[in-house]
2 protein chains.
Amino acid sequence: MATPMIRGGGRTVAGGLRERSKARRLGNIRRAARELFVEKGYDATTTRAIAKRAGVGLGTLFTYAADKRDLLFLIFNDELIELAAQAFAQSSSAPVLADRLVAVFHDFYAYFTRQPNLARFLLRELTFYTHGPEAHRFQTHRDRIVAGVAAVVARARADGIIVATGDDMLVARAIFDIYSAEVRRWLADDQHEPNLAHGLTALRRVLQVLVDGLRPQR
Amino acid sequence: MATPMIRGGGRTVAGGLRERSKARRLGNIRRAARELFVEKGYDATTTRAIAKRAGVGLGTLFTYAADKRDLLFLIFNDELIELAAQAFAQSSSAPVLADRLVAVFHDFYAYFTRQPNLARFLLRELTFYTHGPEAHRFQTHRDRIVAGVAAVVARARADGIIVATGDDMLVARAIFDIYSAEVRRWLADDQHEPNLAHGLTALRRVLQVLVDGLRPQR
DNA sequence: GGATTATTTTGAACGTGTTCACTTTTGGCC
DNA sequence: GGCCAAAAGTGAACACGTTCAAAATAATCC
């Protein structure tokens with residue numbers, strides 16, 4: 001467990017040997033897993049290889065991560081949090097919502113470009129890992145993005161560049177859905193060397209459809 | 001291979017024993033796989049159990065399907081084709097595009113309701129199985145739906161209930177993206193007994209956002 | 001220090017999907 | 001019928017993710 005149980009008169013000491021070696025082991029596992037995943041991709045990396053490189057027994061891996069997928073998350077969790085924070089920290093003042101959104105999603109696209117071997121798989125897990133032992137983590141990540149998009153939408157509404165719809169979350173979800181599908185399409189198409197500009201252009205075009213709507217203008 | 005090689009003076013006869021027993025075996029495998037998948041779900045069904053119930057050796061399975069996922073497709077391919085055909089055959093004349101679309105997607109939702117154990121997995125494969133040995137089949141299925149939606153959009157444009165955008169495929173993709181994400185969300189939320197009405201209501205609401213757009217109306 | 005208890009590590013063992021060298025069956029030929 | 005080559009079938013064997021009972025280690029108490 002992450003926080004050791006305290007029983008009797010404080011059985012576990014903060015700077016104790018146990019805690020230190022756990023931290024060191026966790027670090028080794030993270031590093032080993034990251035190296036191998038990035039180097040070989042997810043499927044081609046075996047848990048045995050990770051254990052070996054980390055210098056721990058096979059079983060030990062599964063006391064630090066619930067399963068192989070969670071190992072992936074163990075690595076990228078922090079990065080994804082920081083990525084989302086950075087993406088939403090910028091505040092574009094572009095007069096068109098689609099441009100503000102593309103500015104945000106640009107960071108995500110760039111991130112995936114940097115992880116070509118893992119991007120597709122990571123995306124799949126982010127999309128479909130909803131029922132495993134550590135599913136809440138991915139769930140949290142999705143929610144964070146949707147919430148961030150909702151904030152962008154709210155600001156755009158306050159700036160008067162879009163109309164009030166009464167439900168920013170609904171709009172945010174639609175935008176997130178389109179982004180998710182587009183980034184997937186992008187990675188599936190130019191799989192070998194995904195072209196950032198192409199991907200963002202395609203994304204912008206679809207988002208603009210959403211912004212414009214389909215109704216006859218009166 | 002599906003089509004036997006013809007060499008010399010026509011080595012393979014149409015009504016020969018070989019063809020007949022291949023057809024019978026394929027039927028047995030399909031039936032066994034279907035029963036087990038529906039009964040136990042995808043993960044809990046082993047290839048050994050399928051082979052046993054079909055009365056064939058384990059290795060034989062993999063001469064009829066490239067892998068376990070393809071086995072799933074072997075079963076549902078025909079059904080999915082028919083489902084799409086039926087869904088797009090109806091021609092709603094509702095005055096709002098969102099309603100016409102919901103009428104189409106209703107059939108898909110209803111289909112997933114009938115396969116609760118498999119729906120989520122089938123959906124995942126339809127979304128992400130883009131690089132396996134038989135990926136083109138799923139690709140085809142996706143393309144078929146997008147094309148169908150594009151046709152609905154084109155008709156709506158002809159009927160004057162939406163404006164011309166110049167690119168129906170782009171709009172169709174946006175709609176498909178939203179549908180895919182919504183159906184996934186629906187199945188993930190009420191996983192145990194998905195409520196058809198709830199799902200369609202949520203879908204309609206998001207689609208209406210797309211139809212209305214977000215721009216300030218002049 | 002030594003004894004005791006809680007925590008952590010570990011790899012052998014299990015169940016799984018998949019492969020492939022071998023066997024069996026089929027169709028054409030005489 | 002008997003013979004041969006092509007096709008199809010088969011399960012032992014492999015590699016993998018994961019589990020868990022046993023061993024090793026650390027913390028606490030005297």
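Both backbone and side-chain heavy atoms feed into the values below; hydrogens, waters and symmetry mates do not. Chain naming here is simple, since letters A, B, ... match the order of the sequence lines and numbering starts at 1 in each.
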Indicate whether the side chain of [X] and that of [Y] have a donor and an acceptor atom separated by less than 3.5 Å.
| X | Y | result |
| --- | --- | --- |
| B:R205 | B:Q208 | no |
| B:R31 | B:N28 | yes |
| B:D107 | B:Q90 | yes |

What is the distance, rounded to the nearest whole Å, between atom [atom1] of [X] and atom [atom2] of [N]?
| X | N | atom1 | atom2 | result |
| --- | --- | --- | --- | --- |
| A:R20 | C:dT9 | CZ | P | 14 Å |
| B:D43 | D:dG17 | CG | C1' | 13 Å |
| B:D70 | C:dG17 | CG | C1' | 14 Å |
| A:L71 | D:dT18 | CG | P | 9 Å |
| A:L58 | D:dA23 | CG | C1' | 16 Å |
| A:Y64 | C:dT7 | OH | P | 14 Å |
| B:F62 | D:dA12 | CZ | P | 16 Å |
| B:D67 | C:dC20 | CG | C1' | 17 Å |

Below 4.0 angstrom from OP1 or OP2 of [N], is there any side-chain N or O of [X]?
| X | N | value |
| --- | --- | --- |
| B:T63 | D:dA8 | no |
| B:K68 | C:dT18 | no |
| B:T60 | D:dT10 | yes |
| A:R48 | D:dA15 | no |

B:F62 side chain reached by B:T47 side chain, heavy atoms, under 4.5 Å: yes
Carboxylate-amine/guanidinium proximity below 4.0 Å for A:D78 and A:R30: yes
5'-most by nearest nucleotide on DNA chain D - A:A44 or A:A66: A:A44
Side-chain donor/acceptor of A:R25 to base of C:dT9, under 3.5 Å: no
Sugar-phosphate only, base, or nothing, as touched by B:T47 at under 4.0 Å among non-hydrogen atoms: base
Side chain of A:K22 (C-beta onward), nearest among C:dT9, C:dT10, D:dA26: C:dT9
